[in-house]
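A short worksheet on the structure shown next.
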Number of protein chains: 2
Amino acid sequence: MTNAALSDSSHLHEVIALPPGRALEICRSLHSAILEHKLVPGLKLSEDEVGEIYGASRTVVRAALQALAHSGLVSIEKNRGAFVAKPSVQEAHEVFQARALIEPAVARLAADMITDAQIKRLYAHLEAEHQALHDGDMGKALSLSGSFHTEIADVADHRVFAGMVRSLISRSSLVIALYWKRSDTACESHSHHALMDALEKRDAGAAESIQKSHIIDLHSGLDLRSKSDRGLSLSQALQDD
Amino acid sequence: MTNAALSDSSHLHEVIALPPGRALEICRSLHSAILEHKLVPGLKLSEDEVGEIYGASRTVVRAALQALAHSGLVSIEKNRGAFVAKPSVQEAHEVFQARALIEPAVARLAADMITDAQIKRLYAHLEAEHQALHDGDMGKALSLSGSFHTEIADVADHRVFAGMVRSLISRSSLVIALYWKRSDTACESHSHHALMDALEKRDAGAAESIQKSHIIDLHSGLDLRSKSDRGLSLSQALQDD
DNA sequence: CAACGAAATATCGTATACAATTTTTGAGCA
DNA sequence: TGCTCAAAAATTGTATACGATATTTCGTTG
């Protein structure tokens, strides 16, 4: 089970705008599952099926799916149903461009107001991330790696930016599921440690520039060539026989 | 009636993530009404009442209200219902801080790729804004003033930023309804014309800095002192008798 | 045997009914 | 008059039923 203290779903209600209840629970559960890559992009989320799994009626499930659709994790097609979203190459670029603009500004804010308790908490988070990697639980490691960013936003105590970051992190998770090309997912934690150093020194400028480099680095770890550039054209595929 | 060609609701489905249907129509209608300050912050949006107005069942109305809740225009309280959102002073600051970061970057992008047809369209938009002011239709003028910003985002052709700008503009409208202190709402259009000059020259740097100044100027037009500073304390109110 | 098309099935869209909760009302009392 | 509390009314939360649309199946035909 995901450790609630280190998961980002505890504040989800602030960005999901759903009142507490079963719809929110289903929403959180699906959210976690998608972030851990247990549900792959494109997978169909049938209302009946989801409802049966959680023991809820379609009314409730629909509310949850619509909430996830609003945050970009699910796409709903009229009269066809809900699917785990499949961000296009274009959207993948846009998500990381937005992160490169917003997250450094958020890191700057966080450096100016972080408390000792929060520093401790973030180190514990890194430790959990490290542990998940050690255990070979990639899904959890990825999810924790993302929620590290949302926790920075929480430190900045800026609801509006925090909401944006949460949404961007979620979509990044889908982008990574679709387009990640690097094998060394572990290198991430190095950047996170560097950011922690800057935060601990309350060095806002350093925090901002480290975060910016980190996002750009992540962006460069994606294979965002268009399909035709990736040799998946029909003619080439047929020649392989 | 709002001119559809100049309203920002035509692209709403992209950010609302609601499939076409009556729910989206209700959503759009309420959205416009809130942006035109026909519905004031804090107003209760009863499901039955809204449903009767639009001739739809509560099921559909609920979907619309939840969509609006997610975009921050409506707040839903468990077992109490939906209300037009009432942003706090803190949130008001945050919304304009976010705009000051994002919109200048968007203006820069827009300057790099704006077409002649889009320039023409934007000038027509400014003309409509001017006309609304001349007619004394404040609600429409305010709404058009906001949608000018979302149209810039559309020019930039960046879905992710456009979605954020749309959401921020909507919330700004609520903030203005609650906290606007300046009487000269017309001065806005001067900034918009200056931005158009920069866009027409494809001067990305100028567009960025003009937009940043414009947002900061708007922010400074708000009275965001906390309640106790505004002389609305209980003791002072009682002394007025 | 592949292509087409119609019936059968499955899934979503919407309305409505009932349960749970909140809000209002007003009777009783100090 | 003003307060308390319980009953009534109103409103939201959820389940279910039915109609509309999409998908699949399968028999027919060229």
Side-chain angles (χ1 to χ4, degrees), chain A residues 12-14 16-31 34 39-86 238, chain B residues 12-14 16-31 34 39-86 234 238 241:
Chain A
L12 248 194
H13 62 282
E14 292 171 8
I16 291 295
L18 223 56
R22 263 181 306 170
L24 183 60
E25 279 179 43
I26 294 173
C27 194
R28 276 211 264 248
S29 175
L30 291 175
H31 183 95
I34 294 173
L39 302 177
V40 300
L43 182 72
K44 165 132 205 200
L45 300 170
S46 150
E47 294 180 355
D48 280 327
E49 204 171 342
V50 175
E52 191 142 348
I53 290 169
Y54 293 100
S57 77
R58 283 178 51 217
T59 308
V60 175
V61 173
R62 274 176 78 81
L65 291 175
Q66 287 181 358
L68 289 169
H70 294 144
S71 61
L73 282 179
V74 157
S75 74
I76 297 178
E77 295 171 37
K78 185 177 165 76
N79 281 322
R80 287 193 17 91
F83 305 82
V84 177
K86 245 171 125 166
L238 293 176
Chain B
L12 248 194
H13 62 283
E14 292 171 7
I16 291 295
L18 224 56
R22 264 180 307 171
L24 183 59
E25 280 179 42
I26 294 173
C27 194
R28 275 210 266 248
S29 176
L30 290 175
H31 184 94
I34 293 172
L39 302 177
V40 299
L43 183 72
K44 165 132 206 201
L45 300 170
S46 149
E47 294 180 356
D48 280 326
E49 205 171 342
V50 175
E52 192 142 347
I53 290 169
Y54 293 99
S57 77
R58 283 178 51 216
T59 308
V60 175
V61 173
R62 274 175 79 82
L65 291 175
Q66 287 182 357
L68 289 168
H70 188 269
S71 61
L73 284 178
V74 156
S75 74
I76 296 177
E77 296 171 37
K78 184 175 165 74
N79 282 321
R80 289 194 13 91
F83 305 82
V84 177
K86 243 170 128 165
L234 184 57
L238 294 176
D241 290 331

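So that the names make sense, note that chain A is the first sequence line, chain B the second, and so on, each numbered from 1.
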### Message
Can you identify which nucleotide, out of C/dT16, C/dT22, D/dT21, has its nearest atom closest to the B/R80 side chain?
### Response
C/dT22
#### Entry: Note, A/V40 side chain near A/V84 side chain (heavy atom, < 4.5 Å)
no
### Query
Given B/H70 and A/S71, is the side-chain contact (heavy atoms from CB on, under 4.5 Å) satisfied, shown in steps?
CA-CA 8 Å; B/H70 188 269; A/S71 61; 4.2 Å; yes
### Task
Please report, rounded to the nearest Å, how far the C1' atom of C/dG13 is from the CD1 atom of B/I26.
13 Å
#### Entry: Interatomic distance where CG belongs to B/D48 and C1' belongs to C/dT23 [whole Å]
15 Å
### Message
Both A/K78 and A/G55 contact DNA chain D. Which one's nearest nucleotide lies toward the 5' end?
### Response
A/G55
### Summary
Rounded to the nearest 0.5 Å, the NZ atom of B/K86 sits from the CG atom of B/L43 at a distance of 10.5 Å
### Query
Starting at OH of B/Y54 and ending at P of C/dA15, how long is that distance when rounded to a whole Å?
15 Å
### Task
Look at the side-chain N and O atoms of A/K44 and state whether any lies under 4.0 Å from the OP1 or OP2 oxygen of C/dA10.
no
### Task
Identify whether any heavy atom of A/R22 sits under 4.0 Å from a base atom; if not, whether one sits that close to sugar-phosphate; answer base, sugar-phosphate or nothing.
sugar-phosphate
### Task
Check the distance between D/dT21's P and A/N79's CG and give it to me in whole angstrom.
7 Å
### Task
Look at B/T59 and C/dT14 and indicate whether a side-chain polar atom (N or O) is within less than 4.0 Å of OP1 or OP2.
no
#### Entry: Any side-chain heavy-atom pair of A/Y54 and A/R22 under 4.5 Å
no
### Message
Can you measure A/E25 atom CD to D/dG13 atom C1' for me and round it to whole angstrom units?
### Response
14 Å
### Summary
Separation between OG (B/S57) and CG (B/D48), nearest 0.5 Å, reads 10.5 Å
### Message
Could you tell me how far apart B/I76 (CD1) and C/dT21 (P) are, to the nearest whole angstrom?
### Response
18 Å
### Query
Side chain of A/R58, base of C/dG13: donor and acceptor closer than 3.5 Å?
yes
### Task
Taking only the side-chain heavy atoms of A/R62 (C-beta and beyond), determine which of C/dG13, D/dT14, C/dT23 contains the nearest atom.
C/dG13
### Query
Rounded to whole angstrom units, what separation is found between the CG atom of B/L45 and the P atom of D/dT12?
10 Å
### Message
Whole angstroms only, please: what is the CD-P distance between A/E49 and C/dC12?
### Response
10 Å
